[in-house]
Amino acid sequence: MNSKAETMLAIENGDVFIVDTFIQDGVVLIEGGIVQAAGPRKEVEIPGGTSHLDARGGTIVPGFIDMHTNGALGYELANAELADLEKITGYLPQQGVTAFVPTIVSAAIEDILQGLELARQAMSGPRLSGAEILGVHIEGPYINREMRGAHNNDIIRNPDPDEYGAILEYPDVILWVTLAPELPGALELIRVLRENDILVSAGHTMALEQDIEMAVEAGLSNATHLYGNMTTLQRENITRVAGLVEYTLLDDRLTTQIIADGYTFSPNLMKLAYKIKGADKLAIITDNSPLAGLPPGVYNLWGVDVVVEEEISYLPDRSAYAGCITTMDRCLRNAIHLMDVPLGDALRMVSTTPASILGVADRKGSLEPGKDADVTVLNSELEVIHTITSGQLAFSTG
């Protein structure tokens, strides 16, 4: 367990990215787990007795926020214990992640509640080491079977107030929910979730533009992993209408995310998402499976054998990928090299934008004074050399 650092720390000898500006020869001053000052080295007074962390001529940036990850190291929230969860929080800073939202995929109500209870225990108790848990993302079980992806078909169901009433006993834990807005009862669930200040997202859905418009009016504001398991242009009677892909690209009321592992979607699709939505409404996610971080081999994931290699996982017959196993720092590099995104926008998409979408931008997502001291330091190749979470060094290459 960690407590917030009380010794003042200066991170220096590097450029600093603040909001949308790179400051050469900058410094970030931290005390009590909070950013106290950030700016040009010559303008920031560093008190005597301050500890120093050398950025080695790299770039000092806000810590990365992964708002959609299903687990790592063989663990996921719905079947983990507190010690397992701490293994995940300790692993993520290696890739520059300082905060994240673990996902519970479609499951029996008992498993969902178990995961929520574990998250509440972790969030309300002594701080776990490593990356901070911001809350939970529930992806399903109220999704469309036709777009289920890796979700268990036997578990998928329509929204039932008698069931989701138990889930809503955790408004302090749930940050966002993915559902299919065309399902019977979905619009009422959207309204109830918004009344509890929970972000509602469309995903694993067959919804067309009329369904989506009604859902947006009810409180829907996000689309889960753009392009993945969602409708695109279709014919309705003799008229072609928008699916969720086109509607998300068109409607400025909707934010979304892109899985930037470099395999799931072609570079052209990734470029299109960035070109239309821009860095303010498009977050980068890993959408990692619980197999992330494990060595190459064959594993069983959700009842299916999966082959894991260094950067990808796939079914043994090579008919499909089997979830993602990427890292956020690799996603950052992919955004630059595959999506033609400028470094500043790429950094916003892994920090500022997810913080804004999740409603935590008042304390996360940028290196402004008064915000949490979540800092990632990158070398010239955009590889992680230091990660600081709440003012404490959580990872360093030495």
Side-chain angles (χ1 to χ4, degrees), residues 2-66 92-93 95-100 127 129-132 134 279-280 328-329 332 342-380 382-398:
N2 287 342
S3 59
K4 287 189 175 180
E6 296 300 332
T7 303
M8 187 166 285
L9 173 68
I11 309 171
E12 53 188 342
N13 187 27
D15 297 342
V16 179
F17 182 68
I18 303 176
V19 185
D20 58 2
T21 302
F22 289 95
I23 297 175
Q24 295 184 342
D25 189 22
V27 62
V28 176
L29 200 60
I30 294 168
E31 185 178 32
I34 301 296
V35 175
Q36 302 296 329
R41 173 64 186 85
K42 61 184 179 181
E43 296 180 9
V44 176
E45 181 180 353
I46 301 178
T50 297
S51 298
H52 296 263
L53 182 65
D54 188 358
R56 306 178 202 166
T59 306
I60 306 164
V61 305
F64 305 159
I65 300 172
D66 193 351
L92 291 176
Q95 47 188 282
V97 174
T98 57
F100 72 110
R127 168 73 186 273
S129 60
E132 180 182 352
L134 296 176
D280 290 336
M328 278 295 280
D329 58 322
L332 174 74
L343 176 58
D345 274 3
L347 290 171
R348 288 162 59 199
M349 291 161 69
V350 297
S351 58
T352 312
T353 301
S356 176
I357 293 173
L358 294 171
V360 297
D362 59 327
R363 61 188 182 94
K364 301 284 185 184
S366 64
L367 298 180
E368 298 170 276
K371 292 194 176 183
D372 292 350
D374 294 341
V375 187
T376 296
V377 182
L378 305 170
N379 64 16
S380 60
L382 301 181
E383 299 166 330
V384 179
I385 58 175
H386 303 304
T387 305
I388 296 92
T389 61
S390 293
Q392 294 196 349
L393 187 65
F395 171 76
S396 179
T397 58

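In this text the structure is predicted, and so the values were computed from the model without any measurement.
With rounding to the nearest 0.5 angstrom, the CG atom of Asp374 is 5.0 Å from the OG atom of Ser390. Rounded to the nearest 0.5 Å, atoms CG (Leu9) and OG1 (Thr50) are 8.5 Å apart. Expressed to the nearest 0.5 Å, how far CG of Leu382 lies from CG of Leu347 amounts to 7.5 Å. The CD1 atom of Ile385 sits 9.0 Å away from atom CD1 of Ile60, with the distance rounded to the nearest 0.5 Å. We find the CD1-CD1 distance between Ile388 and Ile11 to be 4.0 Å, quoted to the nearest 0.5 Å.
With a 4.5 Å cut-off on side-chain heavy atoms, Ile34 and Asp372 count as touching. Residues Leu393 and Leu53 are in side-chain contact: their nearest non-hydrogen atoms beyond the backbone lie under 4.5 Å apart. Side-chain atoms of Val16 and Val27, non-hydrogen and from C-beta on, never get closer than 4.5 Å to each other.
Pairs engaging residues 34-53 under the ring pair (Phe, Tyr, Trp, His ring centres under 6.0 Å) rule: none recorded [sequence neighbours left out]. Listed by first and then second residue, the ring pair (Phe, Tyr, Trp, His ring centres under 6.0 Å) pairs involving residues 24-43 amount to none (not counting sequence neighbours).
Of all heavy-atom pairs between Ala99 and Ala131, the closest is N-CB, 4.1 Å. In terms of heavy atoms, Ile18 sits closest to Gly39 at CD1-N, 3.9 Å. The nearest pair of heavy atoms linking Gly63 to Ser351 is O-CB, 3.6 Å. Here the closest non-hydrogen pair linking Gln95 and Met328 is OE1-N, 2.9 Å. Closest approach of Pro93 and Gly130 over heavy atoms only: CG-CA, 3.9 Å.
Not counting sequence neighbours, the partners of Thr397 by the side chain to side chain donor-acceptor pair (under 3.5 Å) test are Arg56. Legend: residues meeting ring-ring contact (aromatic ring centres under 6.0 Å, His included) with Phe17, ordered by chain and number and at least two apart, are Phe22. Not counting sequence neighbours, Asp20 has no partner by the side chain to side chain donor-acceptor pair (under 3.5 Å) test. Considering only residues two or more places apart in sequence or on other chains, Ala373 meets the side-chain contact (heavy atoms from CB on, under 4.5 Å) condition with Ile30, Val35. Applying the side-chain contact (heavy atoms from CB on, under 4.5 Å) rule to Asp345 yields the partners Tyr274, Ala279, Val341, Pro342, Arg348; only residues at least two apart in sequence or on another chain are considered. With sequence neighbours left out, Ala355 forms a side-chain contact (heavy atoms from CB on, under 4.5 Å) with Ile65, Val360, Ala361, Lys364. With sequence neighbours left out, the side chain to side chain donor-acceptor pair (under 3.5 Å) criterion links Asp25 to no other residue. For Thr376, the side-chain contact (heavy atoms from CB on, under 4.5 Å) partners are Val61, Phe64, Thr98, Leu378, Val384, Thr387, not counting sequence neighbours. Legend: residues meeting side chain to side chain donor-acceptor pair (under 3.5 Å) with Glu368, ordered by chain and number and at least two apart, are Ser366, Lys371.
A donor-acceptor pair is defined here as one N or O able to donate and one able to accept, closer than 3.5 Å; such a pair exists between the side chain of His386 and the backbone of Asp54. Of the possible polar contacts, one joining the Thr352 side chain to the Gly365 backbone as a donor-acceptor pair under 3.5 Å is found.
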Pairs under 3.5 angstrom only: tabulate donor-acceptor contacts from the side chains of residues 40-47 to other protein residues two or more places apart or in another chain.
from: Arg41; atom 1: NE; to: Glu12; atom 2: OE1; distance (Å): 3.3
from: Arg41; atom 1: NH1; to: Val44; atom 2: O; distance (Å): 3.4

